[in-house]
Amino acid sequence: MCGIVGFTGQENALPILMKGLYSLEYRGYDSAGIAVFTDDGLQVVKTKGRIANLEEKLHEAGNPSSTCGIGHTRWATHGGPSDRNSHPHLGGRDGKVAVVHNGIIENYLFLREQLEKHGYEFQSETDTETVAHLIDFLHKGRQQEDLAQTVLTALSLLRGSYALGVVSMEDSREIVAARRDNPLIIGLGEGENMIASDITAIISRTRRYIILDDNEVAVVRPERVTVYNQLGDVVDKPVQEVSWDLSAAEKGGYAHFMLKEIMEQPRAVADTVRPRIQDGRIVFEDNGLTDERLRETEHIHIIACGSALHAGMVGQSVIESMGRVRCSVSVASEFRYTDPIVKEKDLCIVISQSGETADSLAAMRQAQAEGAFTLAIVNVVSSSIARQADGVLYTWAGPEIAVATTKGYSAQLAALYLVAAKLALARGLMDEAEERSFCEALLELPESIHKMLEDVGTVQYLASKYTNRSSVFYLGRGLDYAAALEASLKLKEISYVHSEAYAAGELKHGTISLIEDGTLVVALATQKRLFEKTVSNIREVTARGAEVILVTTEDFDGDVSACRCVIRLPACLERFAASLSIIPLQLFAYYVAVERSCDVDKPRNLAKSVTVE
Ligand code: AGP
């Protein structure tokens with residue numbers, strides 16, 4: 001997803017902007033650029049490719065020195081990756097305005113046609129360039145007006161989503177920032193201030209920041225920051241303090257952020273559950289999940305995307321088995337358009353690591369409009385979903401930088417286990433003794449995950465052996481099917497190896513035709529009552545030449561002679577097995593991607609937070 005950074009202060013902006021852009025790399029991008037004020041006016045340097053390419057171009061341009069500027073990493077939506085489609089975009093023929101943008105302007109073509117009638121010539125295919133020319137056009141007609149007022153007027157003409165940084169030759173110390181449905185924060189320093197898409201871009205300069213809300217505009221100067229609402233009234237904004245230190249957002253000696261974050265999972269789960277278990281009892285912060293609400297809940301909707309969706313599928317199984325309340329799981333981008341049946345007594349759980357996924361945010365708003373109570377399970381504090389939900393259950397996994405989520409996913413599972421137990425308690429389906437043993441098992445989970453992380457060698461061997469397979473199948477039933485989906489996504493998103501996850505009983509209804517000599521199949525069997533069924537599925541595929549890696553429990557006593565490798569999980573509550581079975585499969589995906597020399601932390605085409613629909 002696009003990244004925005006801006007700086008205005010006393011020091012040379014260029015190195016600060018570049019450091020900010022590097023810290024935003026993890027969001028996923030295909031081009032980058034900056035705009036700074038120089039004696040010759042606004043200088044824009046931008047390029048397709050990595051930030052290193054931008055550094056080369058800046059060097060060729062003499063590394064322009066300035067105390068104010070904006071920067072951008074672009075994840076292409078309108079117009080492919082190219083120099084001319086890169087941001088910043090200049091407004092007007094004289095290029096007195098520069099704009100960087102994250103989001104999608106839905107009515108940009110109409111505005112572009114109108115501006116072309118006024119003589120504007122477009123250099124790119126982007127929606128963003130329309131915003132730059134629109135601001136220039138409006139500002140030319142309102143010379144007496146300051147830039148912020150013009151930006152407010154321009155925003156009233158835009159449909160769609162945006163986080164914007166705007167600079168103008170009118171004032172070389174000023175940045176105007178605005179947002180709607182895309183995150184943007186203002187970093188507060190001493191004699192300097194910044195704008196950024198997220199905290200990682202400002203934390204090396206300041207730990208204090210404010211969050212812009214939708215339809216607000218900020219005027220950012222070295223000496224002050226002023227925020228306006230849509231009516232142009234000044235609004236006071238609370239100052240937030242970053243809750244983690246810079247090292248948490250750095251590799252810490254690991255080859256990749258993903259490996260570091262895989263290894264951080266015991267801590268991520270522990271930090272998510274421990275604050276909510278006191279003297280063997282589950283104690284929630286004030287997140288609206290009262291016993292009364294849980295008793296009255298008639299249907300639970302879990303809504304999410306990607307890995308968060310897979311966590312939700314595990315959650316569905318655990319919630320229904322413990323709380324005996326109907327629980328459905330919906331793909332957020334589908335939920336919105338299927339005219340869902342949501343009632344006032346329904347509980348809607350929106351799961352999102354970033355808290356900025358546009359589809360999940362929009363689906364949550366729809367559920368709210370239908371009267372449901374919305375609980376966000378989110379990792380990023382004060383993110384859009386967290387701030388707009390009726391209640392929040394934070395996962396405390398710390399900053400997750402790798403595009404492929406691991407510790408964020410594991411922490412989501414832990415949070416869902418807590419919700420399931422609270423539901424069971426509220427509905428009289430769990431007594432105090434059962435609660436205590438549940439909590440004891442949950443507190444032991446981090447150590448069990450740690451044990452799974454100790455035997456990396458077997459997985460590394462398997463990855464080297466199977467790294468050149470063109471396709472991999474993952475099979476499981478119930479909880480294991482949800483885990484199989486996540487394991488499959490991990491492999492394909494970072495190694496680019498095609499993979500499919502199947503409900504083990506479903507394979508024979510068609511897809512088994514793809515199984516042939518040497519096909520790699522990863523089978524998950526952690527649910528005792530389903531062991532025999534899964535064994536027969538293993539036999540089905542090995543009979544057709546498949547090579548099977550089985551992930552199962554220590555006490556699995558089925559015939560494993562047909563399997564090429566068996567990975568056994570340490571004893572744990574069966575309901576928590578998905579938290580363990582995913583560990584070796586995350587590592588398998590990681591090492592296959594390393595073997596294939598893939599960009600593990602920043603896989604092609606992917607973004608860490610998909611803030612566009
Ligand atoms: C998972 O590894 C991917 N990064 C992706 O599927 C991700 O889970 C999905 O985009 C949802 O992101 P969110 O949890 O931030 O909402």
Side-chain angles (χ1 to χ4, degrees), residues 1 25-29 75 181-183 197-198 200 256-259 261-262 265 268 272 302-315 329-336 349-365 374-389 392-395 397-413 415-416 482-483 485-496 499 501 582 585-590 593 598-613:
M1 206 46 35
E25 272 200 301
Y26 80 97
R27 296 167 63 87
Y29 72 105
W75 188 74
D181 291 343
N182 266 274
S197 294
D198 68 41
T200 53
H256 299 97
F257 278 110
M258 184 175 178
L259 185 57
E261 290 155 9
I262 287 173
Q265 290 182 107
T272 298
I302 296 178
I303 303 172
C305 303
S307 293
L309 176 72
H310 302 150
M313 292 175 70
V314 174
V329 180
S330 301
V331 174
S333 54
E334 291 293 305
F335 179 84
R336 304 177 55 202
I349 301 175
V350 179
I351 308 172
S352 175
Q353 190 284 131
S354 64
E356 299 298 347
T357 299
D359 287 320
S360 304
L361 178 59
M364 181 178 77
R365 286 172 174 163
T374 55
L375 176 78
I377 295 181
V378 174
N379 194 45
V380 177
V381 174
S382 297
S383 54
S384 300
I385 291 174
R387 296 165 70 237
Q388 296 179 38
V392 185
L393 183 61
Y394 279 116
T395 52
E400 188 175 66
I401 306 301
V403 166
T405 183
T406 49
K407 65 176 184 175
Y409 169 81
S410 292
Q412 289 163 359
L413 294 183
L416 287 160
L485 285 164
E486 176 56 16
S488 171
L489 176 61
K490 284 284 117 7
L491 181 70
K492 53 190 160 186
E493 72 173 322
I494 64 171
S495 72
Y496 315 145
S499 165
I582 195 60
L585 301 179
Q586 289 168 341
L587 288 167
F588 178 74
Y590 171 77
C598 294
D599 191 346
V600 174
D601 287 332
K602 300 186 290 294
R604 67 188 181 199
N605 306 338
L606 291 182
K608 181 59 182 171
S609 171
V610 184
T611 59
V612 292
E613 296 177 12

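What's counted below: heavy atoms across the whole structure, side chains too, no hydrogens, waters or symmetry copies. Counting starts at 1 for both ligands and their atoms, following the listed order. What you are looking at is a predicted structure, and each value in this text was computed from that prediction instead of being measured.
In this structure, atom 14 (O) of ligand 1 lies nearest to the protein heavy atom Q353 N, 2.7 Å. Protein heavy atom in closest approach to atom 4 (N) of ligand 1: V403 O, 2.7 Å. Here the protein heavy atom with the shortest distance to atom 15 (O) of ligand 1 is S354 OG, 2.7 Å. Of all protein heavy atoms, the one closest to atom 9 (C) of ligand 1 is C305 O, 3.8 Å. Scanning the protein heavy atoms around atom 16 (O) of ligand 1, the nearest turns out to be T357 OG1, 2.5 Å. What sits closest to atom 3 (C) of ligand 1 on the protein, heavy atoms only, is E493 OE1, 3.4 Å. Scanning all protein heavy atoms for the shortest distance to atom 8 (O) of ligand 1 gives S307 N, 3.0 Å. Protein heavy atom nearest atom 10 (O) of ligand 1, with residue, atom name and distance: V610 CG2, 4.2 Å.
Under the 4.5 Å side-chain criterion, counting only non-hydrogen atoms from C-beta, D599 is not in contact with R604.
Comment: K608 does not engage D198 in a salt bridge, judged by the lack of any side-chain N to carboxylate O separation of less than 4.0 angstrom.
Atom CG of residue D601 and atom CG of residue L259 lie 9.5 Å apart, to the nearest 0.5 angstrom.
Residue-ligand proximity, A308 to ligand 1, at heavy-atom distances under 4.0 Å covers atoms 8 (O), 14 (O). For ligand 1, the atoms sitting less than 4.0 Å from at least one non-hydrogen atom of S352 are 13 (P), 14 (O), 15 (O), 16 (O), numbered in the order shown with element in parentheses. Near K490, with a cut-off below 4.0 Å to any heavy atom, the atoms of ligand 1 are 1 (C), 2 (O).
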Show the numbers, then the answer: is there a side chain to side chain donor-acceptor pair (under 3.5 Å) between Q353 and T405? CA-CA 8 Å; Q353 190 284 131; T405 183; 5.7 Å; no
Let me see the working for S352 and M364 under side chain to side chain contact (heavy atoms under 4.5 Å, CB included), right down to the final yes or no. CA-CA 11 Å; S352 175; M364 181 178 77; over 6 Å; no
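Only side-chain heavy atoms of L489 come within less than 4.0 Å of ligand 1; its backbone N, CA, C and O stay farther off.
Not a single heavy atom of S609 sits under 4.0 Å from any atom of ligand 1.
Y590 places no side-chain N or O within donor-acceptor distance of the main-chain N or O of I494, the cut-off being under 3.5 Å. At distances below 3.5 Å, not a single donor-acceptor pair connects side-chain atoms of N379 with backbone N or O atoms of Y394. Judged by distance alone, the side chain of K490 and the main-chain N or O of Q586 form no donor-acceptor pair under 3.5 Å.
Among I351, T406, L489, the one residue that satisfies the side chain to side chain contact (heavy atoms under 4.5 Å, CB included) test with S307 is L489.
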